Each structure stands twice: as C-alpha cells, then as structure tokens.
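Presented below is the structure to which this report refers.
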Protein chains: 2
Amino acid sequence: MAVLRHQEQPWRPGRAQGLERASCESCGLWGICFPGRVASDVRAPAKGLGIRRMRLPRGKVLYRAGEKVECFYMIRSGCIKETQDSTCHRSTVINFALAGEMLSLHNPDDQVSSTTSVAVEASFICAVHWGSFNELCAASPGIAAEFIRLVVKAGAQARELLTLIRDKEALERIAGFLLNLSDRLQLRGVQGREFRLGMNRDDIASYLGVRSETVSRSFTELSRRRLIRVRAKRVQITKPAELRGVCDGT
Amino acid sequence: MAVLRHQEQPWRPGRAQGLERASCESCGLWGICFPGRVASDVRAPAKGLGIRRMRLPRGKVLYRAGEKVECFYMIRSGCIKETQDSTCHRSTVINFALAGEMLSLHNPDDQVSSTTSVAVEASFICAVHWGSFNELCAASPGIAAEFIRLVVKAGAQARELLTLIRDKEALERIAGFLLNLSDRLQLRGVQGREFRLGMNRDDIASYLGVRSETVSRSFTELSRRRLIRVRAKRVQITKPAELRGVCDGT
DNA sequence: CGTTGAGTTGATGGAACTCAAATAGCGTGG
DNA sequence: CCACGCTATTTGAGTTCCATCAACTCAACG
C-alpha cells in the first residue's frame, strides 16, 4: 500500500485505494513526505503501513472534536483548517495545514481529538493509521525518534503563532501571516511570492485574533504602501524585506 | 544514579550528585515523575539514566537560546520561566514550569534550544541526559510512546495559552492564568486555593501579552469583586466558580 | 435584473497602552 | 529596631488602536 497520485484515479467514497509502492516515489511530495519515506522502510509491516488516499471537498469535515481519530494525515494539496470549540459557542482557527504538511499529530491513537478539521478548499490527503504506524515505531526506534521530531516541530509552530499574535498589533500580524504562508509554500517548491489564499477573511481573522474588518483594512494598508497586492484571494508579495520590517515592528 | 532529596545534601556547584535508587521512591513527586518511573524500569541501562539533581538559585539561567541542551528537566520545587528572544531586543515569557512539571522536552538531543530558561525563584530540579534516555527509548518502545504522549501534552498547553490570550480580554486572561496555576498546583497535591506567585508582575504581563499595569489593575478589579485576595505575591482564590465565569466571559 | 454572500470602507466608543506620579515591600546597615 | 534607599507595584490621566455597527461595493448566479 502506498500514497497515490490523485490525478490518476477518480475518487470512490468509502473505499481505501491501494497502488504499487512506486506511486509514492512518483509523488510530488516524495522526499518531503514522512509517511512516504516510512512506508518504504524495509521493516514496514508486511500488511503495509495502511496509507489511504482521500479527496476532501471544500467544507467537508475530516474529523470532529471529541471523536477518536485513528489516523494522522499528510496534506497532498489544498488547505485544511483546524478549529477549537471556544467557550462561548464559537469555534476558533488554530492552524492551517498546507500541502506538504502533516495534520493531527497531536491526537495520538487512543485519545479523542481536541480539535475539528475542515477543508477550506478542495484538498487531497493521505491518511496513516496509528495502529500500523505504532507497530512500525516499536520495530524501528529511528522512526519513533523522527516522529518525535515532527511532533516537537508542530509544537514549535504553535509557539510561533503565540508570539505572533501576543506581541504584535494587527498590521504586524497580517504581515507575519503572509510571510509565514509564503515561507511554507516555498518550502514545498511552490513559488511563494504570489499565491492564493485558500481560506476566507473570517478564517484569517479568527486565526490571528482580530476581526475580519481589521484583516481587510490591513490588506488595504499594506497594498497602499505597495508591499503587497491583493485581489480577492490572490496575494502577491512585492516587497518581502519591507513586509518583514512591518512584521518585526521596525 | 537517581533523583535526590534536595533537603539531604548541600549543593556543591558543578558536581553531579548521586544517591541510591531508593531516594526516587522517597521523593515527594514519586508516582508523578516520569524520569523517576523510567529510571526504575528494569531495562534501564546498567550505567543508569544519568539523572542529576541541581539547585538553581533565583535569577540563574538553566540554558540559553542557541545552546545545545543535553538534558531535559523535571522541576522538583520552585518555578522556571522559559523565554523567547523577540524580534525587538526584548524577551517574552512563553512558559512557567512549576513543581512536578517537565522542561525542555522540545529541545531534542542534537538541536540547539530556541528558548532560554531562568529560575524566577530558588528551585530544585532533576536533569535527565538525552543520550542515556534515547538508549532507553530504543530498548523500550513503551517508554518512547509515553514520552511522545508527554511531548504532545506540552504542545497542547501551548495551544491552550494561545486561545487564552488570543480570544480573551485582559481581565479574562488574568482570571484564566490564576485558575490555570491553581489547577496545576492542585495536580501535584499542593493546595491550590491559596498560593504564592513565584514570578513578578512583568513576567505575568509578558506571558499574557499585556502590560504590567494592566496585570495590576486586573488583580485590583478581581479583588474588588471579592473573587480573589492579593497581597504582593500571595494569592487566594476565594470564589473559584465565579472566577471561572470571568475567564469564560459569562 | 434582483438576490445573495463575501469583502471593503466609514464613524464611533471602549479597552488597553503610555507616561508619570504615588505607594508599598523589602533588604541593608547604622 | 528603625531609618534608609531601592525596587516592585499600584494608581491616575491622556492617547491609541481596534472592535463594533452600519452602509456600501462587487461578483456570481439563477
């Protein structure tokens, strides 16, 4: 079993689809994808790592808070938002998972999820079953160590977001958000100077702890200063260095 | 090698001090302490887990950002603040580690630390060497799994803090902060209704993303409402339920 | 062409920041 | 033991930034 190229087959609901190992190597994320590398490990259980390819239409829920999630995920394309039900009947966005990034690492095997994940745009993902992954970890300490590394990195991202929104004002947050997206897209080979926002203004606002009007005004202000260009969901960063300056409050 | 009872021996700088295994069992944190349990594991390396007991005077730096940290830590008593050097030459507090809690889990073996840790009051801690711990993990998948659980939990705390400061106003943050401290102290058996703040107002302010004046005003306001009593660093929570109400914005 | 929903812009008030001054703790040494 | 000085904390007054509410634009769609 292995990762599939989503272009190659139509999606049939409820069916896990397998293909020969080769498709992982031919995947655009090959070399970046942790599950893909693990699946090709010689010690992988005979029955396979249980990687399942899925299409997630826009607005579709991947898992809900309170559910047991028996998988973790790799985003192949699209964008998934992770939300947390807040005290006052409103959910807040705590993460956007982009192509090439992993999701739900913080919901181990036998525990219920504390978050809900929803596709903000049509997405393709690969799901890895905790069960078979844990077996593999037990057999191969190196894999476990690498996995710990990933979990730690996920935690570091949370702390980065924390400092972004705790210590900065609205315009700085927006600037930092755009630069962060840009950097992450570039990591995956996508050109990060010009990209499309998968999420809407309300999601961005919730993520950054401001109102959507403030997001809008900030976009306008940054455009006025000629640091970015915005047209609906399309964003172009024209002056990255200056934008960084805004984010850093200099 | 094992955890020591800090009352029993004077501290000599730069010296790792060992005692027989029994002292872990006699430690007040026995049953709570992950390293202690691991050290008593039958598969523990013959040379021991390399647990080192340390005294950390107030204001003393445990490790700095940019250094390689070859240990992770268990706080036996006191309070350690973890700070992150911000962009504009000022450091911000991202965590307070209390007695019974672990520190530096997010700085794996061979990586440089992204944070600086300082004792905000005189503290006693136990240090676990990554090297011997990793050996043990390789030998015992159960330990590794448990450790992953701890790392995940540390990440969850970061997300909790995130929602506390992103979605709440100052008074709510202070209320949430006090309740959080209270809960954590009670977990360790300490009575959590009345306790001493190890850190000063500036640290609290930095942690919560407000000014120290705002912390002060919030304390005053909560006192005025008779939900808490404050006298310098001593805090008493007189109406926990109502304080929770303030935190939740109800 | 009217409707609908997302996004932008404008006007206003309130919460928290800033600067400044007053007060309380707290250790030190006479 | 008390006076002293230093620092931490509290309180006050004015200002800034952002949330709020409302009106408006624009594009998509039947």
Side-chain angles (χ1 to χ4, degrees), chain A residues 58-59 79 81 86 88 90 92-93 118 120-121 164-178 196-225 228-236 246-247 249, chain B residues 57-59 79 81 86 88 90 92-93 118 120-122 164-178 196-225 228-236 246-247 249:
Chain A
R58 168 184 176 149
C79 178
K81 73 171 170 185
S86 174
C88 51
R90 261 238 303 257
T92 66
V93 178
V118 184
V120 297
E121 59 182 348
L164 180 67
I165 72 177
R166 183 183 56 180
D167 305 325
K168 297 184 191 303
E169 50 187 36
L171 196 69
E172 299 169 345
R173 294 184 201 185
I174 301 291
F177 172 70
L178 292 176
R196 187 178 170 280
L197 298 170
M199 68 296 292
N200 62 27
R201 300 290 190 268
D202 279 319
D203 287 334
I204 298 173
S206 169
Y207 182 68
L208 294 177
V210 295
R211 300 287 121 176
S212 64
E213 292 95 328
T214 303
V215 173
S216 186
R217 282 183 237 276
S218 299
F219 277 164
T220 307
E221 173 62 17
L222 292 174
S223 298
R224 200 192 57 70
R225 299 192 197 172
I228 64 171
R229 289 157 154 276
V230 188
R231 169 94 149 226
K233 287 202 188 328
R234 290 227 63 89
V235 176
Q236 183 187 1
V246 170
C247 173
Chain B
R58 170 185 175 148
C79 178
K81 74 171 170 185
S86 175
C88 51
R90 261 239 303 257
T92 66
V93 178
V118 183
V120 297
E121 58 182 348
L164 180 68
I165 71 176
R166 182 183 56 181
D167 305 326
K168 296 185 191 303
E169 50 189 35
L171 197 69
E172 300 170 345
R173 295 183 201 185
I174 301 291
F177 172 69
L178 292 176
R196 186 177 172 282
L197 297 170
M199 67 297 290
N200 62 25
R201 301 290 190 266
D202 279 319
D203 288 333
I204 298 173
S206 171
Y207 182 69
L208 293 177
V210 295
R211 300 288 123 180
S212 64
E213 293 94 328
T214 304
V215 173
S216 183
R217 284 183 235 275
S218 299
F219 277 163
T220 308
E221 173 62 17
L222 292 174
S223 300
R224 200 192 57 71
R225 297 193 197 173
I228 64 171
R229 290 158 153 276
V230 188
R231 172 100 143 223
K233 288 204 188 326
R234 290 226 64 88
V235 176
Q236 184 188 0
V246 170
C247 172

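Labels below follow one simple rule: chain letters A, B, ... track the order of the sequence lines, proteins then strands, and each chain is numbered from 1. All of these numbers come straight from a predicted model, not from anything done at the bench.
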Report each atom pair, protein N/O against N/O of nucleotides 25-30 of chain D, whose distance is under 3.5 angstrom.
none

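Looking at I174(B) and V215(B), their side chains come closer than 4.5 Å, going by heavy atoms from C-beta outward.
Closest heavy-atom contact between E172(A) and V246(A): CG-O, 3.2 Å. Nearest heavy atoms, A232(B) versus V230(B): O-CG1, 3.7 Å.
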Open item on the list: Output one letter per nucleotide in nucleotides 7-17 of chain D: B when a protein non-hydrogen atom lies under 4.0 Å from the base, S when only the sugar-phosphate is that close, - when neither is.
Closed with: --SBBBB----
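In this structure, the side chain to side chain contact (heavy atoms under 4.5 Å, CB included) partners of S206(B), at least two apart in sequence or on a different chain, are T92(B), V93(B). Take R225(B) and apply the side-chain hydrogen bond (donor to acceptor under 3.5 Å, both in side chains) test, not counting sequence neighbours, and it matches E221(B). With sequence neighbours excluded, no residue satisfies side-chain hydrogen bond (donor to acceptor under 3.5 Å, both in side chains) with S216(B). Scored by the side-chain hydrogen bond (donor to acceptor under 3.5 Å, both in side chains) test, E121(A) finds R196(A) as partners (sequence neighbours excluded). Remark: F177(B) pairs with Y207(B) by the ring-ring contact (aromatic ring centres under 6.0 Å, His included) rule, at least two apart or across chains.
The separation between L208(A) atom CG and dA19(D) atom P is 11 Å, rounded to whole Å. When the P atom of dG10(C) is taken as reference, atom CD of E221(A) falls 12 Å away, rounded to whole Å. Here dG10(C) presents its C1' atom at 18 Å from CZ of R211(A), a figure rounded to the nearest Å. Between the CZ atom of R234(A) and the C1' atom of dG7(C) there is a distance of 17 Å, given to the nearest Å. Put simply, CD on E172(B) is 14 Å from C1' on dG14(C), counting in whole angstrom units. R224(A) places its CZ atom 16 Å from the C1' atom of dT8(C), with the value rounded to the nearest Å. With rounding to whole Å, K168(A) atom NZ is found 16 Å from dC17(C) atom P.
Each end of the helix from dC1(C)-dG30(D) to dG30(C)-dC1(D) gets its own axis, taken as the rotation carrying the C1' atoms of four end pairs onto the next four within a five-pair window, and the two axes meet at 30° to the nearest 10 degrees.
Environment of CZ in R229(B): sparse, with no more than 12 heavy atoms of neighbouring residues, nucleotides or ligands closer than 6.0 Å.
Panel note: side chain R173(B), backbone V210(B); no donor-acceptor pair is recorded below 3.5 Å.
Sorted by first and then second residue, the salt bridge (Lys or Arg N to Asp or Glu O under 4.0 Å) pairs involving residues 202-214 of chain B (not counting sequence neighbours) are K81(B)-D203(B).
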